[in-house]
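Worksheet: one structure, shown below.
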Protein chains: 6
Amino acid sequence: MEKFNIMLKGRTPKESYTVTTEQVLPDDTNPLNTLFGGRLLQWIDITAGISAHRHSSRICVTASINNVSFNIPVKLGDIVTLESKVSRTFNTSIEVFTDVWVEDRLTARKSKCNEAILTFVALDQHGKPVPVQPVIPESEEEKKRYEGALRRRQLSLILGGRMKPDEATELKALFGK
Amino acid sequence: MEKFNIMLKGRTPKESYTVTTEQVLPDDTNPLNTLFGGRLLQWIDITAGISAHRHSSRICVTASINNVSFNIPVKLGDIVTLESKVSRTFNTSIEVFTDVWVEDRLTARKSKCNEAILTFVALDQHGKPVPVQPVIPESEEEKKRYEGALRRRQLSLILGGRMKPDEATELKALFGK
Amino acid sequence: MEKFNIMLKGRTPKESYTVTTEQVLPDDTNPLNTLFGGRLLQWIDITAGISAHRHSSRICVTASINNVSFNIPVKLGDIVTLESKVSRTFNTSIEVFTDVWVEDRLTARKSKCNEAILTFVALDQHGKPVPVQPVIPESEEEKKRYEGALRRRQLSLILGGRMKPDEATELKALFGK
Amino acid sequence: MEKFNIMLKGRTPKESYTVTTEQVLPDDTNPLNTLFGGRLLQWIDITAGISAHRHSSRICVTASINNVSFNIPVKLGDIVTLESKVSRTFNTSIEVFTDVWVEDRLTARKSKCNEAILTFVALDQHGKPVPVQPVIPESEEEKKRYEGALRRRQLSLILGGRMKPDEATELKALFGK
Amino acid sequence: MEKFNIMLKGRTPKESYTVTTEQVLPDDTNPLNTLFGGRLLQWIDITAGISAHRHSSRICVTASINNVSFNIPVKLGDIVTLESKVSRTFNTSIEVFTDVWVEDRLTARKSKCNEAILTFVALDQHGKPVPVQPVIPESEEEKKRYEGALRRRQLSLILGGRMKPDEATELKALFGK
Amino acid sequence: MEKFNIMLKGRTPKESYTVTTEQVLPDDTNPLNTLFGGRLLQWIDITAGISAHRHSSRICVTASINNVSFNIPVKLGDIVTLESKVSRTFNTSIEVFTDVWVEDRLTARKSKCNEAILTFVALDQHGKPVPVQPVIPESEEEKKRYEGALRRRQLSLILGGRMKPDEATELKALFGK
């Protein structure tokens with residue numbers, strides 16, 4: 001019963017909101033003494049996966065990482081905060097945004113150093129993909145990310161060779177005349 | 001002298017070719033007993049970074065991960081091979097393709113389970129970005145990836161808000177009329 | 001100037017509030033397939049240390065762990081949330097509470113599985129202990145923990161042989177006639 | 001038969017004596033290049049758990065960490081020795097002392113840098129707590145730690161809200177008139 | 001059918017050839033900032049184990065490490081390549097050579113820094129040792145290593161007390177009159 | 001002065017005796033749920049390196065691993081004890097024996113599961129090899145290992161191509177007529 005309602009009503013991004021805070025230890029650095037990219041990706045994958053799980057109440061596996069950019073080098077000893085929220089779902093797949101912030105040691109002011117977009121697939125107990133409830137965006141940013149998800153999905157299907165550029169109506173509207 | 005020639009002549013993808021082979025240990029798995037996404041991303045980042053380094057003879061840091069898709073679940077005990085090659089460079093940035101293969105234990109036949117595209121920036125000894133030599137693609141696949149790099153770069157600039165869709169001539173040609 | 005004010009005014013526990021969310025992976029378990037105690041302690045130490053840092057704007061090192069109890073076994077795949085807040089300071093030392101919650105996969109209901117109390121020392125750039133600003137408790141729980149800190153400090157000094165039971169006025173009031 | 005005798009006779013602390021020696025590697029350090037507190041806690045938990053296991057011949061899980069103090073910073077490259085012994089048991093719970101020593105590189109003289117007290121619970125094959133044999137202290141220090149265990153247990157029960165200060169006869173004798 | 005042929009025909013060392021490339025991160029170093037020996041041994045064991053697996057299509061466990069010498073210190077940031085090939089088999093045991101190369105950052109010239117010889121045992125699905133197909137050496141070096149394997153095996157049996165020096169005909173020929 | 005005496009008098013194996021106790025956690029296992037060979041090698045290398053350090057009061061780096069055999073599979077949850085002692089020195093190099101024991105959970109009886117022989121080089125503060133004091137063997141086993149060290153050294157020099165079989169007088173005596 002309760003489940004039916006969940007499926008009907010969907011969940012807000014706030015309900016899948018997940019925060020993680022890490023301090024960069026020597027174990028996490030590259031030879032330049034800055035945060036090693038592979039370690040940050042590991043943190044992002046875990047945090048985003050928990051958001052997908054919280055949205056779907058299902059075991060979720062990473063389906064793709066659509067875009068992660070590393071803008072600011074993060075130094076040894078820096079404090080890093082990762083914030084994930086589900087942005088939109090498509091049948092069995094779940095798009096998650098992870099924002100990464102680095103914190104100034106003295107002023108405690110946070111600067112955004114990364115933004116990652118990942119897609120997860122929710123699985124049932126036999127490891128088969130299973131439909132998930134929709135997302136109900138609330139804030140302005142959540143709505144914007146919800147809107148953009150369709151464009152990103154078309155892009156991803158084209159890049160993966162599973163959609164023809166011609167069928168990507170959202171993208172045609174963006175780039176075409 | 002030698003350096004000058006390197007800059008002029010560029011390097012082939014074969015010169016930056018990097019292979020890594022891993023066996024999935026319990027330490028690398030998620031609660032489903034399959035390879036944990038964050039660990040695979042770590043392996044991809046290291047392998048691709050070595051390709052960028054081999055192409056540029058410079059310290060390279062991860063600038064972005066443009067697309068990684070996880071097609072096949074990789075199981076505990078499976079043997080995974082990662083192959084990276086530089087596909088194209090743009091001034092100080094280096095695009096690298098990493099192909100990930102999983103190997104059937106009995107037949108030793110490899111199936112491609114992931115394809116990742118990463119961008120690195122080459123740094124000089126003061127940590128400043130530094131121009132790198134061009135890529136000279138040789139095989140058909142290398143040429144195709146070299147061609148596509150410009151489209152991917154425009155996409156990435158648009159997604160990062162640093163280019164307007166209107167200026168992305170390559171993409172307009174693809175989607176627009 | 002600003003610093004002077006900080007010292008005078010103190011900081012609220014909310015300002016040092018730190019959250020971390022982890023999913024228990026095989027790498028984190030003991031032979032019973034539950035979360036390995038040593039790994040949880042590592043997570044607690046990092047999270048609490050970030051709280052101490054956020055309160056003091058200083059590098060902080062662990063001085064003691066006063067009490068951690070493990071009430072509920074945490075299973076492979078469970079989602080664990082750690083929340084830390086500074087409870088009180090004494091000259092150069094900072095007491096931090098870390099509450100650990102485990103989340104039911106289906107209902108998302110959180111149960112408290114651990115409560116840890118740690119003490120950190122703030123260091124200046126030469127590695128010498130340095131005084132920190134006081135704590136201004138706001139909520140009922142923050143006030144209760146602030147009050148209790150003096151008792152815990154006396155206990156810790158007695159256990160460490162640096163105070164005689166006779167001098168522990170707070171504790172005498174508790175146990176004595 | 002043999003088991004019966006074990007239960008009757010108890011075991012000496014010497015029988016659960018466990019030693020571990022580690023060298024502090026970069027992987028174990030914090031941004032100050034000293035041993036990271038979380039890593040030391042992990043080593044303590046493993047060593048103490050082996051002592052509990054050796055005393056009880058049972059699988060043991062950490063129940064609480066009562067007190068750990070970090071007196072001396074341990075530097076990169078230092079050699080650290082951990083020594084654990086069971087100090088006393090209470091029905092299904094086992095108290096373990098772990099002494100941590102750091103070794104001077106030249107003189108090989110050891111200084112005590114930590115002392116930790118942990119409690120474990122012994123489990124049967126169904127994961128249920130199971131009674132363990134008593135401890136027979138031999139040396140002066142073992143006897144002193146055995147005596148103090150009752151006080152520490154009362155303290156722990158009070159801190160955990162499972163005993164009223166009024167009922168803690170051992171502590172009342174210590175602090176009260 | 002196919003299996004029968006494999007057993008009959010054997011496999012070339014090229015068929016078990018396995019490459020791994022690693023960059024030395026802070027996590028991999030000792031207090032001298034060079035590659036920690038234990039980490040290199042871990043990389044060698046994984047790579048060689050994959051070669052044994054590729055030769056035998058069986059799960060293989062390490063039986064012994066006959067000789068590893070560390071000739072050149074490997075520095076933080078260096079790129080290390082490990083190449084493994086099966087050199088010879090004896091009934092259920094598989095000898096593997098792993099050559100380790102370190103790469104000059106500027107010239108990309110590789111120097112051999114280690115050579116390791118390991119022995120693995122192939123197991124069937126019940127964990128019992130199982131015979132493996134022979135090796136067909138092709139290159140000069142492969143033939144030389146194939147020849148030497150018998151001597152090394154006799155040595156290893158003598159060192160392990162399972163053969164008398166007198167029976168070691170290969171070694172007698174080498175050292176004796 | 002003191003140093004002079006140390007050089008003159010040498011040290012007994014007991015003075016470099018180093019013990020480490022580990023419990024096999026999931027993090028340490030291979031896909032068969034037994035202790036992963038690479039992890040055991042890491043533990044052996046650390047323990048043996050501490051023995052070399054204790055003998056020489058110098059920083060020591062691994063020079064070679066002469067022989068390690070894995071006789072008994074070690075299972076998840078097993079308790080493993082490693083004991084290292086210096087067996088002999090040659091100018092700047094130090095030979096260390098590490099015996100590895102696995103402990104029966106119920107009877108606490110230990111079985112020897114590995115024996116490893118490693119060689120380290122002692123370095124001065126500039127990273128240059130430096131002579132170390134001799135070893136004074138006491139027990140029967142220590143004397144036997146001391147005697148065998150010369151044979152093993154000749155073997156290692158021959159295997160490394162730095163000695164001709166003809167010059168290995170110790171080995172000739174063993175194998176030759």
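It should be emphasised that the depicted structure is a prediction, and the values quoted were computed from it without experimental measurement. Below, chain A is the first sequence line, B the second, and so on; all start at residue 1.
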Evaluate the criterion side chain to side chain contact (heavy atoms under 4.5 Å, CB included) for residue pair B/V19 and E/E83; output intermediate values, then yes/no.
CA-CA 10 Å; B/V19 187; E/E83 296 182 315; over 6 Å; no
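Residue contact with chain B, scored on non-hydrogen atoms closer than 4.5 Å, is absent for E/S56. Proximity to chain B (any heavy atom under 4.5 Å) is restricted, for E/I59, to the side chain, taken from C-beta onward. With a 4.5 Å cut-off on non-hydrogen atoms, E/E22 touches chain B through its backbone and its side chain both.
For a heavy-atom cut-off of 4.5 Å, chain B lies close to E/I46, E/I50 in residues 41-50 of chain E.
If you run side chain to side chain contact (heavy atoms under 4.5 Å, CB included) between B/T20 and each of E/T81, E/T21, E/T18, E/L82, only E/T21 comes through.
Summarising the local packing, NZ of E/K112 is surrounded by more than 12 heavy atoms from other residues, nucleotides or ligands at distances under 6.0 Å.
Separation of atoms NE2 (E/H53) and CD (B/Q23) is listed at 7.0 Å; rounding is to 0.5 Å.
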